[in-house]
Amino acid sequence: MIGKELIVKGWVRGFRNDRFIQLNDGSTIKTIQAVVEAENFDEAILKKITTGAAVGLKGILVESQGAGQAVEIQVSEIEIIGEANPDDIQKTVMQPKKHSLDYLREQAHLRFRTNVFGAVFRIRHNVAFAIHKFFNDKGFFYLNTPIITGSDAEGAGEMFRVTNLDPLNPPLNEDGTVNYKEDFFGKAVNLTVSGQLEAELAALALGQVYTFGPTFRAENSNTSRHLAEFWMIEPEVAFNDLKDNMDLTEEFLKYLSKYILDNCADDLQFLHERDAAEQTQKPQNERNELGLIQRLEFVVNNDFKRLTYTEAIEVLLNSNHYKKKKFKYDVAWGIDLQSEHERYLVEKEFNCPVILTDYPAEIKAFYMRQNDDGKTVAAMDVLFPGIGEIVGGSQREERMDILKEKCAAFNIDEEELWWYMDTRKFGSVPHAGFGLGFERMVMFVTGMTNIRDVIPFPRTPQNAEF
RNA sequence: UCCUUCUUAGCUCAGCUGGUUAGAGCAUCUGACUGUUAAUCAGAGGGUCCCUGGUUCGAGUCCAGGAGAGGGAGCCA
């Protein structure tokens, strides 16, 4: 390539000394240095080479005389493709200085142009691609489950109603409620909160399937780990039990971490250094001992700690933390574990990813398979340091009689789920699956600590800008 | 939904028990320099102190209400 003439097009990141242009085209975090001899160009053209401007440069690729880069372009022609007024640029996140993530969030349309978000969204793409590759290589089929769904019995959270009735003058029943029989689908429908039940139907024929699509929860959750619109991956495998399910989850999460280590080195290195700088800003006791790259390597190289809910309760009860009454919420068999309990197990007790299994039936969903003890179900949660629950899954109840009992116990109308129940009538088999929050995985591999910074256009309560 | 913190220049922030003309760094502009790497040096411009009302001789500072944002909790992925 040295000595070749080429044309590069991109956006100016910096123009030092009226001589050195740093140009970035988004394909990588790296910039290329282009050198202009001021005397060869019209001053009016040079004035337009400003931070944020789009330019096309023609020139010879030469070995760089400077120390910061191996090669550079000796520019012979300059085309200004899109100007950027410095006074206006200064009011945006493109202003060449460090910005807070809060401020960048307010300009989500421009934050793509920063190094941090360029790196995050290139990595987000690579995680998505790795997910498809992992499942495809294993013989899974990618299944598209409906985004508009008529079932509201899934119990995974508050749903968004989808309707095209006139909100000011809807058709009413005699009792004053809205008559959805006159709505587009002839019934009340919502945006999906999970594709799992539909994925089960397909798994009981195609064997191994996975979904990867948008998911909507109308929960009024205001945290750095929740979105109203997020993407979820839900594999479902016929003939798998809970152990198989755990093995698949662990292999999957290790694969994704390894894929990013192997394929996103430059972006990962940048985010690693950013993460390290962030850590130094924190008080000593809140710092992460491992750097971002080490955290990924740790997941790849270490077995996840597996223990049952009952064992976890024992660990918590025997901990000094508990004996010194440092937990805000009490610990007893039967409680739903609080964030502080999960964090203690993951970050203090075991210091590695943890898979908790066999939870009390009462605190888990109706479709999870009842264990022989009659008290617990074959559920599993994967807990990651700093992120919390990243995966939730279970072996599903394949026995019709027990499933009917569970529907009754959970107050679920089995008539409405007739299609789900039907699969237990014909050739029902053990099967299992899980849900991975895509954005939470992207948080883990990028080191970002707010979920709004790993999705291009976050949807949260009271906010749907852009 | 609850608890809590914050809102001062384009950005990040300082501004003491209320007291003259509200500051710094970076960014921007102008000039110098011309093989720089977060360039450097000199200078300049830039403010509805989030909004509304109140207390006071006097409010960026105190009080009340509102708006927006962050952190934590619950719920979950």
Side-chain angles (χ1 to χ4, degrees), chain A residues 13-22 30-39 47 50-52 62-69 72 74 84-107 114-115 154-158 193-196 211 214-234 281-282 286 328-329 336-340 342-343 363-365 381-384 387-393 434-444 449-455 460-463 465:
Chain A
R13 285 292 177 79
F15 187 25
R16 256 192 306 277
N17 246 1
D18 286 342
R19 192 179 173 85
F20 304 101
I21 302 171
Q22 302 299 328
K30 292 182 173 168
T31 55
I32 189 157
Q33 174 158 287
V35 185
V36 295
E37 305 287 345
E39 54 273 22
K47 276 251 186 264
T50 56
T51 302
V62 298
E63 276 183 48
S64 178
Q65 299 173 36
Q69 56 283 316
E72 63 193 19
Q74 203 70 46
N85 182 314
D87 284 344
D88 297 332
I89 282 282
Q90 197 201 181
K91 292 172 184 163
T92 74
V93 298
M94 286 181 281
Q95 170 184 136
K97 70 179 292 293
K98 286 221 158 106
H99 301 287
S100 67
L101 293 172
D102 298 354
Y103 180 59
L104 288 159
R105 220 169 283 145
E106 290 170 16
Q107 295 184 26
T114 64
N115 280 332
E154 293 164 31
E158 293 292 311
V193 293
S194 163
Q196 181 204 309
T211 73
T215 309
F216 307 87
R217 305 263 169 101
E219 302 283 356
N220 191 5
S221 294
N222 294 285
T223 82
S224 54
R225 302 182 306 283
H226 290 87
L227 291 165
E229 175 183 303
F230 64 101
W231 289 66
M232 189 153 65
I233 298 97
E234 296 177 289
Q281 302 294 311
K282 291 190 198 167
E286 288 174 27
K328 207 171 146 200
Y329 293 86
D336 206 352
L337 293 176
Q338 303 293 315
S339 283
E340 59 170 353
E342 295 180 348
R343 291 191 63 163
I363 60 173
K364 288 291 180 182
D381 280 0
V382 180
L383 310 176
F384 261 35
I387 302 212
E389 185 178 341
I390 195 166
V391 163
F434 62 85
L436 168 70
F438 181 54
E439 281 77 17
R440 289 190 182 172
M441 188 66 201
V442 178
M443 284 173 81
F444 176 70
T449 53
N450 192 317
I451 200 164
R452 297 171 191 125
D453 297 329
V454 297
I455 189 168
T460 53
Q462 297 298 308
N463 190 353
E465 193 68 53

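Each chain gets a letter, A, B and so on, in the order its sequence line appears, and its residues count up from 1.
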Basic-acidic side-chain contact under 4.0 Å: Glu37(A), Arg19(A): yes
Test: Asp381(A) and Lys364(A) ion pair at under 4.0 Å: yes
Closest contact, heavy atoms only, Ile451(A) versus Arg225(A): CD1-O, 3.5 Å
Over all atoms of both residues, closest heavy-atom pair of Met232(A) and Ser194(A):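 Heavy atoms only, the tightest pair is CE-CA, 4.0 Å.
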Looking at residues at least two apart in the chain, or sitting in another chain, which of them share a side-chain contact (heavy atoms from CB on, under 4.5 Å) with [X]?
X         : value
Ile32(A)  : Leu23(A), Leu61(A), Ile73(A)
Pro461(A) : Asn220(A), Asn222(A)
Gln33(A)  : Arg16(A), Phe20(A), Gln22(A), Val35(A), Ser64(A), Gln69(A), Glu72(A)
Thr51(A)  : Pro96(A)

Length of the CG-C1' vector between Asn115(A) and rA38(B), whole Å: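 The distance from CG of Asn115(A) to C1' of rA38(B) comes to 12 Å, rounded to the nearest Å.
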Length of the CD1-P vector between Ile21(A) and rU37(B), whole Å: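 After rounding, the gap between these two atoms is 17 Å.
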With a non-hydrogen cut-off below 4.0 angstrom, is [X] in contact with a base, only sugar-phosphate, or nothing?
X         : result
Val391(A) : sugar-phosphate
Asp381(A) : nothing
Ile89(A)  : nothing
Ala67(A)  : base
Phe230(A) : base

Base versus backbone protein contacts along nucleotides 69-74 of chain B [heavy-atom cut-off under 4.0 Å; B, S, -]: -SSBBB
Nucleic acid footprint by protein, nucleotides 26-35 of chain B - heavy-atom cut-off 4.0 Å, B for base, S for sugar-phosphate alone: BBSSS--BBB
Strand RNA chain B as a dot-bracket string - pairs counted if Watson-Crick or G-U with both distances under 3.5 Å, | where the partner lies in another strand: (((((((..((((.....[...)))).(((((.......))))).....(((((..]....))))))))))))....
Find every protein N or O atom lying less than 3.5 Å from an N or O atom of nucleotides 3-9 of chain B, and list the pairs.
none

All salt bridge (Lys or Arg N to Asp or Glu O under 4.0 Å) counterparts of Glu439(A), not counting sequence neighbours: Arg124(A)
Partner set under salt bridge (Lys or Arg N to Asp or Glu O under 4.0 Å) for Glu63(A), not counting sequence neighbours: none
Where at least one partner belongs to residues 94-107 of chain A, residue pairs that pass salt bridge (Lys or Arg N to Asp or Glu O under 4.0 Å), sequence neighbours excluded: Asp102(A)-Arg105(A), Arg105(A)-Asp453(A)
Heavy-atom check, side chain of Gln338(A) versus side chain of Lys328(A), under 4.5 Å: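 SC-SC contact between Gln338(A) and Lys328(A) ruled out.
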Position toward the 5' end of RNA chain B (nearest nucleotide), Gly68(A) or Lys364(A):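 Counting from the 5' end, the first nearest nucleotide belongs to Gly68(A).
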Contacts of His226(A) that satisfy ring-ring contact (aromatic ring centres under 6.0 Å, His included) - sequence neighbours left out: none
